[in-house]
Amino acid sequence: MSASSIPTTKLPSGRTIPTFGLGTWRMGENARKRRDEVDALRHGLDLGITLIDTAEMYGDGEAEGIVADAVGNDRDKVFIVSKVLPENATRRGTIAACERSLKRLKTGRIDLYLLHWRGSPPLEETLEAFSALRRAGKILDWGVSNFDMADMKKLAELSPGEEPGTNQVLYNLTRRGIEFDLMPWCRKRGVPVMAYSPIEQGRMLGHPALRAVGERLGATPAQIALAWLLRQDGAIVIPKAGSRPHVEEDIAALDVKLDRDDLAALDRAFPPPSKARPLDML
Ligand code: NAP
């Protein structure tokens, strides 16, 4: 497999989304890094990646500008995810935030628009705004992020018969809590889970088990961590890479195949949850 044949999964709306894309948190925070950040994303697109995750929060909107520059004239080939901050997520605030994001992204539509995490504005208002934005064609799908089981149940009560496009949550080998309840719940309803911080922002890469499995397969620890997520049914994986070498290394995880022994070794080093745990967040 390569980036030109990245698998897709279905959103509840029936639209498809690639299961591998690039994140943008921490981009747009340092003007001196801007050119490299645009270049890294553009390199990913040139290698066949077609999913980018961003948010109005990242770099105070600058990350969305970086996405616009990287995407350029290829807008129709790219699936863009962005997010509204909870403090803006009232009915009117969500619509205004989305308009600002569209302007920075230099596009007329966001493919999937998420509530970044649950805040004080009533969820009903955010959902009303998402519906209005969808009717206007400004977003194609809506979803949520950092929603735990209780939040997902509340959401199901408020939008009966309509599932969110995704729940974007912290998920990697060192953060497996969602496997106990949230992930099965989402799977049952056809809601893909989008795994953020899939390599734990680099903190997990020195782990001996990742190194050992990597050595066996001729892969790096980051590739093992990403390959482990990529084989999960209904998971979408969005590492952030700020340089060409990291983009290339992360894409190559699509070619890493973990066998039963590798998976057992990873389970021993990073045991799956045996009881419900509060949702981890970064
Ligand atoms: P991550 O993807 O787990 O890690 C990113 C870090 O790992 C960066 O410092 C990057 O360095 C480094 N890296 C990337 N590829 C590498 C490789 N092959 N070898 C060694 N280091 C590598 O963490 P993340 O950025 O927190 O998460 C990914 C995306 O998920 C974010 O960018 C954002 O879009 C989204 N996210 C969403 C939420 C939410 O609340 N919804 C929270 C966190 C993240 P370089 O930059 O130098 O390449």
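In each ligand, atom 1 is the first atom listed, and ligand 1 is the first ligand listed.
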Asker: Against heavy atoms of Gln168, which atoms of ligand 1 measure under 4.0 Å?
Answerer: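 So the atoms of ligand 1 that pass are 35 (C), 36 (N), 37 (C), 38 (C), 39 (C), 41 (N).
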Asker: Would you mind checking which non-hydrogen protein atom is closest to atom 7 (O) of ligand 1, with the distance to 0.1 Å?
Answerer: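 For atom 7 (O) of ligand 1, the nearest protein heavy atom comes out as Ile199 CD1, 3.4 Å.
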Asker: Quick test: of every protein heavy atom, which one is nearest to atom 9 (O) of ligand 1, and how far off is it to 0.1 Å?
Answerer: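 Checked against all protein heavy atoms, atom 9 (O) of ligand 1 sits closest to Gln201 O, 4.6 Å.
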Asker: I'd like to check whether Asp53 has a polar contact with ligand 1, where a contact means an N/O of the residue lying under 3.5 Å from an N/O of the ligand.
Answerer: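 N/O-N/O distance below 3.5 Å exists for this pair.
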Asker: So that I can tick it off, tell me whether Glu37 and Arg34 are bridged by a salt bridge, with the cut-off set at under 4.0 angstrom between side-chain N and carboxylate O.
Answerer: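 Glu37 and Arg34: not salt-bridged.
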Asker: Using a strict threshold of under 4.0 Å (side-chain N to carboxylate O), is an ion pair present between Lys83 and Asp53?
Answerer: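 Between Lys83 and Asp53 there is a salt bridge, with a charged N closer than 4.0 Å to a carboxylate O.
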Asker: When only distance counts, is Trp25 in polar contact with ligand 1, meaning an N/O pair under 3.5 Å?
Answerer: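 There is such a contact, yes.
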Asker: Just by distance, no angles: are the side chains of Asp280 and Tyr171 close enough, under 3.5 Å, to form a donor-acceptor pair?
Answerer: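 Side-chain D/A pair, Asp280 to Tyr171: absent.
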Asker: Looking only at protein heavy atoms, which one is nearest to atom 28 (C) of ligand 1, and what is the separation?
Answerer: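 Minimum-distance protein heavy atom for atom 28 (C) of ligand 1 reads Ile238 O, 3.0 Å.
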Asker: Taking atom CZ of Arg92 as the centre, does the number of heavy atoms from other residues, nucleotides or ligands within less than 6.0 Å exceed 12?
Answerer: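 No.
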Asker: Considering only non-hydrogen protein atoms, determine which one is nearest to atom 17 (C) of ligand 1 and report residue, atom name and distance to 0.1 Å.
Answerer: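 Looking at atom 17 (C) of ligand 1, the protein heavy atom closest to it is His246 CD2, 3.4 Å.
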Asker: Over all heavy atoms of both residues, which pair between Asn88 and Arg100 is shortest? Give the atoms and the distance, please.
Answerer: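 Between these two residues, the closest heavy atoms are ND2-NH2, 3.6 Å.
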Asker: Answer with side chain, backbone, both or neither: which part of Leu114 has a heavy atom less than 4.0 angstrom from an atom of ligand 1?
Answerer: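 Answer for Leu114: neither.
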Asker: Indicate the atoms forming the closest heavy-atom contact of Asn172 with Leu170, along with that distance.
Answerer: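 Closest approach of Asn172 to Leu170: ND2-CD1, 4.1 Å.
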Asker: Using a strict cut-off of less than 4.0 Å between a Lys/Arg side-chain nitrogen and an Asp/Glu carboxylate oxygen, indicate whether Glu62 and Arg104 qualify as a salt bridge.
Answerer: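 Not counted as a salt bridge, because no side-chain N and carboxylate O are separated by less than 4.0 Å.
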Asker: Classify the contact between Ala222 and ligand 1 as side chain, backbone, both or neither, using a heavy-atom distance cut-off of under 4.0 Å.
Answerer: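 Under 4.0 Å from ligand 1, Ala222 contributes side-chain atoms alone.
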Asker: Quick one: which ligand 1 atoms are inside 4.0 Å of a heavy atom on Ala241?
Answerer: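 Here the atoms of ligand 1 in question are 48 (O).
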Asker: Is the closest basic N to carboxylate O distance between Lys77 and Asp74 below 4.0 Å?
Answerer: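 The answer is yes: the pair qualifies as a salt bridge.
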Asker: Specify the protein heavy atom at minimum distance from atom 44 (C) of ligand 1: its residue, its atom name, and the distance to 0.1 Å.
Answerer: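 Its nearest protein heavy-atom neighbour is Tyr196 CD1, 3.6 Å.
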Asker: Please report which non-hydrogen protein atom sits nearest to atom 40 (O) of ligand 1, along with the residue it belongs to and the distance in Å to one decimal place.
Answerer: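 Looking only at protein heavy atoms, the one closest to atom 40 (O) of ligand 1 is Asn146 ND2, 2.9 Å.
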Asker: Taking non-hydrogen atoms only, is Glu200 closer than 4.0 angstrom to ligand 1 via side chain, backbone, both or neither?
Answerer: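 Backbone only.
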Asker: Is there a heavy atom in Tyr58 that sits closer than 4.0 Å to ligand 1?
Answerer: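 Yes; Tyr58 lies near enough to ligand 1 that a heavy-atom distance drops under 4.0 Å.
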Asker: May I ask you to identify the nearest protein heavy atom to atom 25 (O) of ligand 1, giving residue, atom name and distance to one decimal place in Å?
Answerer: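 The protein heavy atom lying closest is Lys240 CB, 3.3 Å.
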Asker: Heavy-atom distances under 4.0 Å decide this one: backbone, side chain, both or neither, for Leu205 against ligand 1?
Answerer: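 Side chain only.
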Asker: Counting only heavy atoms closer than 4.0 Å, does ligand 1 sit against the backbone of Val169, its side chain, both, or neither?
Answerer: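 Neither; nothing of Val169 gets under 4.0 Å from ligand 1.
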Asker: Taking only heavy atoms of His116 into account, list the atoms of ligand 1 that are under 4.0 Å away from them.
Answerer: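 Reading through ligand 1 atom by atom, the close ones are 39 (C), 40 (O), 41 (N).
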Asker: Does Pro198 approach ligand 1 within less than 4.0 angstrom via side chain, backbone, both or neither, non-hydrogen atoms only?
Answerer: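 It is both parts that get close, each with some atom under 4.0 Å.
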Asker: Is a salt bridge present between Arg109 and Asp76, judged by a nitrogen-to-oxygen distance below 4.0 Å?
Answerer: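 Between Asp76 and Arg109 there is a salt bridge, with a charged N closer than 4.0 Å to a carboxylate O.
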Asker: Evaluate the ring planes of Phe130 and Tyr113, with Trp represented by its six-membered ring, and classify them as parallel (under 30°), tilted (30 to 60°) or perpendicular (over 60°).
Answerer: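 The rings of Phe130 and Tyr113 stand perpendicular, inter-plane angle above 60°.
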Asker: Check ligand 1 against Gly242 and write out every atom of the ligand that is under 4.0 Å from a heavy-atom position of the residue.
Answerer: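 So the answer, numbered in order with elements, is 45 (P), 46 (O), 48 (O).
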Asker: Give a yes or no on this: more than 12 heavy atoms of other residues, nucleotides or ligands lie within 6.0 Å of atom CG of Asp60.
Answerer: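 No, because the 6.0 Å sphere around CG of Asp60 holds 12 heavy atoms or fewer from other groups.
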Asker: Look up atom CE in Met204 and atom CZ in Arg175, then write down how far apart they are to the nearest 0.5 Å.
Answerer: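 Met204 CE to Arg175 CZ: 10.0 Å, rounded to 0.5 Å.
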Asker: Considering only the protein, which heavy-atom contact is closest to atom 24 (P) of ligand 1, and what is its distance?
Answerer: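 Sorting protein heavy atoms by distance from atom 24 (P) of ligand 1 puts Ser197 OG, 3.6 Å first.
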Asker: Less than 4.0 Å between a side-chain N and a carboxylate O, is that true for Lys106 and Asp69?
Answerer: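 Answer for the salt bridge query: yes.
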